[in-house]
Asks: 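Shown below is the structure under consideration.
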Amino acid sequence: MIVLFNCTCAVPTTMDSFHPVPVKVNPDLQKERDAALFNPVELTYLKDGGKDKTERRRRCELLAINDPDLQHKDISFMARNERYSNAVRKAVIIARKIKEHRLTNMEEKQLYISAATQYDTYGFGLHYGMFLPALSAQCDEEQRNYWLPLAENLKILGTYAQTELGHGTFIRGLETTAIYDPKTEEFVLHTPTLSALKWWPGNMGKTATHAVVLAQLYTNGKSYGLHPFIVQLRSLENHQPLPGITLGDIGPKLGFHSFDNGFLGFDHVRIPRRNMLMKYSQVSPDGFYIKPIHAKLTYSTMVEARVTLVSDIAYSLSQAVTIAVRYSAVRRQTEQIKGVKEPQILDYRTQQLKLFPYLAAAYAFTFTSFVITGRYIEVQNEMNDGNMESLSELHALSAGLKAFTSYVGNEGIEVCRLSCGGHGYSQASGFPELYTLTAPISTFEGENTVMLLQTARYLMKCATTAKRGLELPRFVLYLSQRQKGQCPARNESDLLDHGLLSDAFEHRARRLVIEAAQKMQSNIGKGNPQHVAWNNCHMYLLKAASAHCHFYVVQTFVKYINDTEMSDAVRDILTSLCQFYALHGIWQNAGDFLQDGYMNGNQLDMVQSLVGKLLDKIRINAVALVDAFDFRDEILCSKLGKYDGNVYEAMYEWAKNSPLNKTEVHDSYNKYLRPLMQSSKAKL
Ligand SMILES: CCCCCCCCCCCCCCCCC/C=C/C(=O)SCCNC(=O)CCNC(=O)[C@H](O)C(C)(C)COP(=O)(O)OP(=O)(O)OC[C@H]1O[C@@H](n2cnc3c(N)ncnc32)[C@H](O)[C@@H]1OP(=O)(O)O
Ligand SMILES: Cc1cc2nc3c(=O)[nH]c(=O)nc-3n(C[C@H](O)[C@H](O)[C@H](O)COP(=O)(O)OP(=O)(O)OC[C@H]3O[C@@H](n4cnc5c(N)ncnc54)[C@H](O)[C@@H]3O)c2cc1C
């Protein structure tokens, strides 16, 4: 995104403050920073995993931000074709620069890419985000040695082609076929119907030369279900689609305008036998099929992607609250006392009630993303040793958390936009790009309702296991514990206890999981087949899965504060934020806590009163809390969320760049308006 305005008034950064020292900071924002009760830099270090890591991140970001080759006009002022072309141009430069800057570590590469692309999508997003992970996870040794160097060195560009026009969720129902022909030792890929066209894969419309294609495998006349194949789509000489392959862009979408999501059809396309990715299942030259050690290993690329999306949501939500909180500190509205300055909108309780729950959620999700990423790595290591025991647990956890956090994240970004009034609707705010980039996370990598139902399916099994007194994995161990009678809180100070708050969410999750399991049992008891009972119980199952994820996030937030070393000042504010996250969650879901008498009306009154009191504690630190996310202006890409708070100047400068302002009088005046207004017999 554009960097013109932000750089003009900058002097070099200091070590502790990453932000260029502006000529003048809006006094309202300065006042907020002066009043904060903790040093935001400390929290930045904590969030990044230490001062060294923060400095390394800042260095990577600066490499991209200061690079003249990566500059361009604001994408808001570009048409789709130009955006696509610009994204490809940048992707190519990024690849070259990563080498030049010798960024070898994956985290550094990601930081660099995210600073270089900012609010736009990355032109090789699917190549790095899914194609390479799919190859890494699904190729056998020999295939890895062949394909990975080609993909890593960008000799081929890939995508992940799973979804079809007729099926996205129900992947067992995908129609593309890969029929093995032992005579030639080839698979024949075919699209038998219109609904079998691959539809949606990113970077497929115009960019990719290859795809990992998910297709139904047939050999010796028998169907063996979905398997991954690597297929060349376009010529490496002239980029033309290869014979038998139909390719194109699916057209404009709500967002992702720089992305060429595509369609793909096969007309009996032959590929060598060894283009089936054979780490887990194989077809021998004579067509003999060897099945995988776990039936769902083909789905592993999606599990990895879902884990990553939890961090992405935390990042986007952090950006949204940074914009909205800073803007709310400098925006003044509605005189309260005649002649006295209008208050900062951040002082309105309603504004705080809009923003602070999402500020707290942004931190909660950041800490949750650390834990789930750690768990992913553990399970991955176990799987590399041939132990698949924890795959189901990881699937349930990642599917549920991806859905839970993206629901809240999308809602939060929209609430932040609304909280900025009219200016939130301008592209200058950054919200339209941020919202449309984040919105599809609720859909892709597994539609959210469907993902929560997958978590519920796992929880139902765990409830049965618990009932039988058998052992459960750690993250669902609470299901085997007895329900505690009533919430023991007698006064407000009891309700601030992290243990008590976590217990309340645990109680709610256990009750709702058990309730859903009972409803299922009674539905089946009435003679309903499993799938009918399941459908009848959707409302209980969804609630149970959501409550489980909510508990997981609260518990993770509490544990993070308990287990992490930090200064008293930072601990104090994170403690308030965590209390607020939990209490606000109880208040918003009061019915769940009252329904079985776990809490009573008096306790709920206290919860509500505490939510109000904690608003003050957060209010004084709100700007410092968003400063601690440490987004440079060039990354935030928002005129409302600028670090210096000089919002109106920035908006005016930005608007002047609108292509409509290129000429004083637009062409349409001479074409349409002038004839209309100057004709004596104008007909409308
Ligand atoms: C220089 C280098 C730098 C690197 C930088 C990197 C930069 C990266 C930038 C990235 C930018 C990316 C941009 C945007 C990307 C967007 C891309 C989007 C991609 C996609 O959307 S891909 C398509 C995703 N599709 C889906 O997710 C489909 C969802 N559907 C399903 O997953 C399944 O069909 C299902 C789970 C809903 C149902 O499956 P199925 O019918 O087979 O299963 P059942 O319901 O019958 O259950 C059977 C049992 O299987 C278990 N199960 C299901 N899934 C899994 C799994 N994944 N793992 C383990 N187990 C699984 C069920 O739980 C059942 O178990 P049970 O024991 O029988 O109960
Ligand atoms: C921006 C974007 C990028 C994408 N990129 C890729 C890509 O790179 N590669 C790729 O292969 N795909 C990609 N996809 C496709 C994406 O993965 C699918 O759209 C997604 O998995 C949802 O599937 P669907 O479209 O079939 O939704 P549907 O399943 O048709 O969902 C429609 C509705 O039906 C409901 N529903 C469906 N099944 C059930 C059920 N069993 N129980 C209850 N309710 C149900 C859902 O909850 C939803 O409300 C992308 C999609 C988007 C939007």
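Reckoned from all heavy atoms, side chains included, excluding hydrogens, waters and symmetry mates. Being a predicted model, the structure only gives us computed values, none of them experimental. Remember, it's 1-based here, ligands and their atoms both numbered in the order they're listed. This chain uses plain numbering: 1 for the first residue, then up along the sequence.
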Asks: Relative to the heavy atoms of Gln162, which atoms of ligand 1 are at a distance of less than 4.0 Å?
Replies: 23 (C), 24 (C), 25 (N), 26 (C), 28 (C)

Asks: Using a strict cut-off of 4.0 Å, indicate which atoms of ligand 2 neighbour a heavy atom of Thr443.
Replies: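 Close to Thr443: 19 (O), 20 (C), 21 (O), 22 (C).
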
Asks: At a 4.0 Å threshold, what atoms of ligand 1 neighbour a non-hydrogen atom of Val450?
Replies: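 Under 4.0 Å from Val450, ligand 1 has these atoms: 37 (C).
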
Asks: Tell me the contacting part of Lys253 for ligand 2: side chain, backbone, both, or neither, using a 4.0 Å heavy-atom threshold, strictly below.
Replies: neither

Asks: Is the shortest side-chain N to carboxylate O distance from Arg375 to Glu393 below 4.0 Å?
Replies: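 Salt bridge between Arg375 and Glu393, a charged N being under 4.0 Å from a carboxylate O: yes.
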
Asks: So between Ala161, Gly168, Gly173, whose heavy atom ends up nearest atom 28 (C) of ligand 1?
Replies: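 Looking at heavy atoms only, Gly168 sits closest to atom 28 (C) of ligand 1.
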
Asks: If you measure from each non-hydrogen atom of Asn448 to ligand 2, which part falls under 4.0 Å: side chain, backbone, both or neither?
Replies: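 Neither part.
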
Asks: Is there a polar contact between ligand 2 and Tyr160, counting only N or O atoms under 3.5 Å apart?
Replies: yes

Asks: Which atoms from ligand 1 have a heavy atom of Lys109 less than 4.0 Å away?
Replies: 1 (C), 2 (C), 3 (C)

Asks: Look at atom 32 (C) of ligand 2 and say whether a protein heavy atom is found at less than 4.0 angstrom from it.
Replies: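 Flag for atom 32 (C) of ligand 2 set to false, no protein heavy atom closer than 4.0 Å.
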
Asks: Would you kindly specify which portion of Thr159 sits under 4.0 Å from ligand 2, judged on non-hydrogen atoms: side chain, backbone, both or neither?
Replies: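 Neither part.
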
Asks: Do Arg57 and Asp630 sit within salt-bridge range, that is, some charged N less than 4.0 Å from a carboxylate O?
Replies: yes

Asks: Could you work out, for atom 61 (C) of ligand 1, the closest of Glu304, His395, Glu447 by heavy-atom distance?
Replies: His395

Asks: I'd like to check atom 43 (C) of ligand 2 in this structure: does the protein have a heavy atom lying under 4.0 Å from it?
Replies: yes

Asks: Which ligand 1 atoms does Met302 reach within 4.0 Å, using its non-hydrogen atoms?
Replies: 24 (C), 25 (N), 26 (C), 27 (O), 28 (C)

Asks: Any protein heavy atom lying closer than 4.0 Å to atom 25 (O) of ligand 2?
Replies: no

Asks: Assess His538 for proximity to ligand 2: is some non-hydrogen atom of it under 4.0 Å away?
Replies: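 The answer is yes, since His538 has a heavy atom less than 4.0 Å from ligand 2.
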
Asks: For Gly202, is at least one N or O under 3.5 Å away from an N or O on ligand 2?
Replies: yes

Asks: Counting only heavy atoms, tell me which of Tyr128, Trp200, Phe256 gets closest to atom 7 (C) of ligand 1.
Replies: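 Ranked by closest heavy atom to atom 7 (C) of ligand 1, first place is Tyr128.
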
Asks: Using a 4.0 Å cut-off to any heavy atom of Gln110, which atoms of ligand 1 qualify?
Replies: 5 (C)

Asks: Does the plane of the ring in Phe131 sit parallel, tilted or perpendicular to the ring in His127? Use 30° and 60° as the thresholds.
Replies: tilted

Asks: For atom 13 (C) of ligand 1, which of Tyr112, Phe170, Tyr458, Phe259 has the closest heavy atom?
Replies: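 Going through Tyr112, Phe170, Tyr458, Phe259 one by one, Phe259 has the nearest heavy atom to atom 13 (C) of ligand 1.
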
Asks: In terms of residue, atom name and distance, what is the protein heavy atom nearest to atom 43 (O) of ligand 1?
Replies: Lys296 NZ, 3.8 Å

Asks: With heavy atoms of Val303 as the reference, note each atom of ligand 1 found under 4.0 Å away.
Replies: 57 (N)

Asks: Is there a polar contact between ligand 2 and His167, counting only N or O atoms under 3.5 Å apart?
Replies: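 Between His167 and ligand 2, no N or O pair is found under 3.5 Å apart.
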
Asks: Before you tell me yes or no, could you show the steps for Glu55 and Arg58 under salt bridge (Lys or Arg N to Asp or Glu O under 4.0 Å), namely the whole-Å CA-CA distance, both residues' side-chain angles and the distance that decides it to 0.1 Å?
Replies: CA-CA 5 Å; Glu55 285 170 359; Arg58 289 171 174 179; 5.9 Å; no

Asks: Pull out every atom of ligand 2 sitting under 4.0 Å from any heavy atom of Gln162, numbered as shown with elements.
Replies: 11 (O)

Asks: Which atoms from ligand 2 have a heavy atom of Thr449 less than 4.0 Å away?
Replies: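 Answer, ordered by atom number: 47 (O).
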
Asks: Would you say Gly168 and ligand 2 have an N/O pair spaced under 3.5 Å apart?
Replies: yes

Asks: Is there a heavy atom in Leu126 that sits closer than 4.0 Å to ligand 1?
Replies: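 For ligand 1, residue contact (heavy atoms, under 4.0 Å) with Leu126 is present.
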
Asks: Heavy atom to atom 47 (O) of ligand 1, shortest distance: which of Arg457, Glu107, Met451 holds it?
Replies: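 Nearest heavy atom to atom 47 (O) of ligand 1 lies in Arg457.
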
Asks: Out of Phe259, Trp200, Trp534, who gets a non-hydrogen atom closest to atom 50 (C) of ligand 2?
Replies: Trp200

Asks: Pick whichever of Met106, Lys402, Lys461 has a heavy atom sitting closest to atom 67 (O) of ligand 1.
Replies: Lys461

Asks: Can you confirm if the aromatic rings of Tyr478 and Phe551 lie within a centre distance of less than 6.0 Å?
Replies: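 Distance test on ring centres: under 6.0 Å, yes.
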
Asks: Of all the atoms in ligand 2, which lie at a distance below 4.0 Å from a heavy atom belonging to Leu453?
Replies: 42 (N), 43 (C)

Asks: Would you please classify the geometry between the Tyr289 ring and the Tyr224 ring as parallel, tilted or perpendicular, with 30° and 60° separating the classes?
Replies: parallel

Asks: Can you check whether a protein heavy atom sits less than 4.0 angstrom from atom 13 (C) of ligand 2?
Replies: yes

Asks: Quick check on side chain to side chain donor-acceptor pair (under 3.5 Å): which of Thr308, Thr455, Asp312, Asn448 does Lys402 satisfy it with?
Replies: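 Considering Thr308, Thr455, Asp312, Asn448, a side chain to side chain donor-acceptor pair (under 3.5 Å) with Lys402 is found only for Asn448.
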
Asks: What atoms in ligand 1 come closer than 4.0 Å to a heavy atom of Gly446?
Replies: 26 (C), 27 (O), 29 (C)

Asks: Quick check on contacts: which atoms of ligand 1 are under 4.0 angstrom from a heavy atom of Tyr160?
Replies: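 Here the atoms of ligand 1 in question are 22 (S).
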
Asks: For Phe475 and His548, I'd like to know if the aromatic rings sit close, meaning centre-to-centre distance below 6.0 Å.
Replies: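 Yes, they do, as the ring centres are separated by less than 6.0 Å.
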
Asks: Are any of the N/O atoms in Thr163 less than 3.5 Å from those in ligand 2?
Replies: yes

Asks: Tyr315 and ring-ring contact (aromatic ring centres under 6.0 Å, His included): which partner among Phe629, Tyr119, Phe631?
Replies: Phe631

Asks: Given that the side chain starts at C-beta and the backbone is N, CA, C, O, which of these parts of Leu214 lies under 4.0 Å from ligand 2, counting heavy atoms, or is it both or neither?
Replies: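 Neither part.
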
Asks: Does even one non-hydrogen atom of Thr121 get within less than 4.0 Å of ligand 1?
Replies: no

